[in-house]
Number of protein chains: 2
Amino acid sequence: MTDRAYELLERVASLLRAEQRRESGATGLEPVHLQALTYLALANRYSDTPQSVGEYLGLTKGNMSQRLLWLERHGYLKRSRDESDGRVVHLRLTDRARDALASLSPPRLWREAAGDTVRLGEELDGLLGRLLARGGYRAFGQCRTCRHHERVNGSPYCALIQVSLDPEQVDRLCREHEEPLPAA
Amino acid sequence: MTDRAYELLERVASLLRAEQRRESGATGLEPVHLQALTYLALANRYSDTPQSVGEYLGLTKGNMSQRLLWLERHGYLKRSRDESDGRVVHLRLTDRARDALASLSPPRLWREAAGDTVRLGEELDGLLGRLLARGGYRAFGQCRTCRHHERVNGSPYCALIQVSLDPEQVDRLCREHEEPLPAA
DNA sequence: ATCATGTAGTATCGTAGCGATACTAAATAT
DNA sequence: ATATTTAGTATCGCTACGATACTACATGAT
């Protein structure tokens, strides 16, 4: 008996991808575009880069770079150079991107039929954590659950890159995220 | 708050697809190939056709036809014409295909890290059922859970196409599957 | 019987996803 | 100062995918 959950996951994913293609219609937005935008909508200001998007989805940076260039050319992203490191590029969603996510990102079929997904979310969350840990992937957790997250004078502070954080950043995803060390 | 379960599902699927690509290596087997083979390994003898595979995954028949031709050219499938209907083609896995599934289909990462997936399987099963019903897809259930499944002289019989079935066929997937009518 | 309609499958085209490789430029280490 | 690393891009080859058009067979209507 092969793993039933795996087969179901693959089939559901395949059906949803196909559904998304159909719903995206003339926009030209492919599933991978929407996934990239979804990530960028959640990423903090140190993780809104081509590299990070690729790591998040398990795709190569060369591939992601091309997807992101397409998104910029079509008005879904703004690019900007990092001020202190001339190599890195930051990606910002446009309103057009937010509109696209709002109307396409969980495809209509999901919204109509998925129902209560709390329990499913918990199961997927656990599975993802195990896959990431075992596969050597970055976890991309929220700052406030990170080993390096501290409070200095009452305001959030990242001990890794040693900067204080805007309060709104601490709920966003960070590519440097690490689980807290288990209490001894 | 967008649907967390949906995001997790998409990301897990993306990571697993990428993982599968890497593990498939020089075989040239893409995720869609393995999904098609997985389906065909489970399909009954009335549902092992290009059309059915496409419906199962939500892809067009033209696309599937090309994928399946590739699989045949590379020795993963045998094709044969139906005896009573000259239009339909039946697809049979070769040993090479079974070997490929055995070594690649849940990718190594899944096998090593997925852990207990019983509960996840149940959740995905429920979700899939709702998506299929709402989206107008075929369910592809097992014969023995079908509305048209009967027993004649103790052996399984399909009341839809009006043939008796090999006992081994009743655990396989059928594209004509329909839920039993609710008892009145 | 003929003809229209429907269905299973294939061929072809255009677009895009994807990894691999090679490259540039900026940062960092020695 | 030089070597090495890192973020990102450009290009190539291959394949996935939908759309469209086509063939062959089956079925239904008259």
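All figures in this text were calculated on a predicted structure; none of them were measured in a lab.
- Taking atom CD of residue Gln66(A) and atom P of nucleotide dT11(D), one finds them 9 Å apart after rounding to whole Å.
- Protein atom CD of Glu10(B) is 15 Å distant from nucleotide atom P of dG17(C), rounded to whole Å.
- With hydrogens and angles ignored, the 3.5 Å screen pairs no side-chain donor or acceptor of Glu10(B) with any backbone N or O of Gln35(A).
- Taking the ring axis of Tyr157(B) as reference, the NZ or CZ atom of Arg151(B) does not stay both within 45° of it and closer than 6.0 Å to the ring centre.
- Judged purely by atom type and a 3.5 angstrom limit, Arg92(A) has no side-chain atom pairing as donor or acceptor with the backbone of Lys78(A).
- Here the side chain of Arg175(B) is nearest to one of dA8(C), dG9(C), dG8(D), namely dA8(C).
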Taking only distance into account, with no hydrogens and no angle test, what donor-acceptor pairs under 3.5 Å do side-chain atoms of residues 18-30 of chain B form with protein atoms, sequence neighbours excluded?
unit_1   : atom_1 : unit_2    : atom_2 : d
Glu19(B) : OE1    : Tyr137(A) : OH     : 2.6
Glu19(B) : OE1    : Arg22(B)  : NH2    : 3.3
Gln20(B) : NE2    : Tyr6(A)   : OH     : 2.8
Gln20(B) : NE2    : Leu104(B) : O      : 3.4
Gln20(B) : NE2    : Ser105(B) : O      : 3.1
Arg21(B) : NH1    : Glu30(B)  : OE1    : 2.9
Arg21(B) : NH2    : Glu30(B)  : OE1    : 3.4
Arg22(B) : NH1    : Gly58(A)  : O      : 3.4
Arg22(B) : NH2    : Tyr137(A) : OH     : 2.6
Glu23(B) : OE1    : Arg108(B) : N      : 2.8
Glu23(B) : OE2    : Arg108(B) : N      : 3.1
Ser24(B) : OG     : Gln20(B)  : O      : 2.9
Ser24(B) : OG     : Leu29(B)  : O      : 3.2
Thr27(B) : OG1    : Ser24(B)  : O      : 2.8
Thr27(B) : OG1    : Leu29(B)  : N      : 3.1

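- For the 3.5 Å distance criterion, the side chains of Asn63(B) and Ser65(B) fail to qualify, holding no donor opposite an acceptor.
- Environment of CZ in Arg134(A): sparse, with no more than 12 heavy atoms of neighbouring residues, nucleotides or ligands closer than 6.0 Å.
- The distance from atom CD of Gln20(B) to atom C1' of dG17(C) is 16 Å, rounded to the nearest whole Å.
- Scanning both residues, Arg45(B) and Asp48(B), for their nearest heavy atoms gives O-OD1, 3.4 Å.
- Whole-Å rounding puts the Leu68(A) CG to dG8(D) P distance at 9 Å.
- A pairwise comparison of heavy atoms in Leu71(A) and Ala36(A) identifies CD1-CB, 4.4 Å as the closest pair.
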Distances under 3.5 Å between nitrogen or oxygen atoms of protein and nucleotides 27-30 of chain C:
unit_1  : atom_1 : unit_2   : atom_2 : d
dA27(C) : OP1    : Ser84(A) : O      : 3.3
dA27(C) : OP1    : Gly86(A) : N      : 2.8

Identify each atom pair where a protein N or O and an N or O of nucleotides 16-18 of chain D are less than 3.5 Å apart, giving names and distance.
unit_1  : atom_1 : unit_2   : atom_2 : d
dA16(D) : OP1    : His33(B) : NE2    : 3.0
dA16(D) : OP2    : Arg67(B) : NH1    : 2.4
dC17(D) : O5'    : Asn63(B) : ND2    : 3.2
dG18(D) : OP2    : Thr60(B) : N      : 3.2
dG18(D) : OP2    : Thr60(B) : OG1    : 3.3
dG18(D) : OP2    : Asn63(B) : ND2    : 3.4

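- Positionally, the nearest nucleotide of DNA chain C for Lys61(B) lies more toward the 5' end than for the other of Lys61(B) and His74(A).
- The separation between Arg81(A) atom CZ and dA25(C) atom P is 11 Å, rounded to whole Å.
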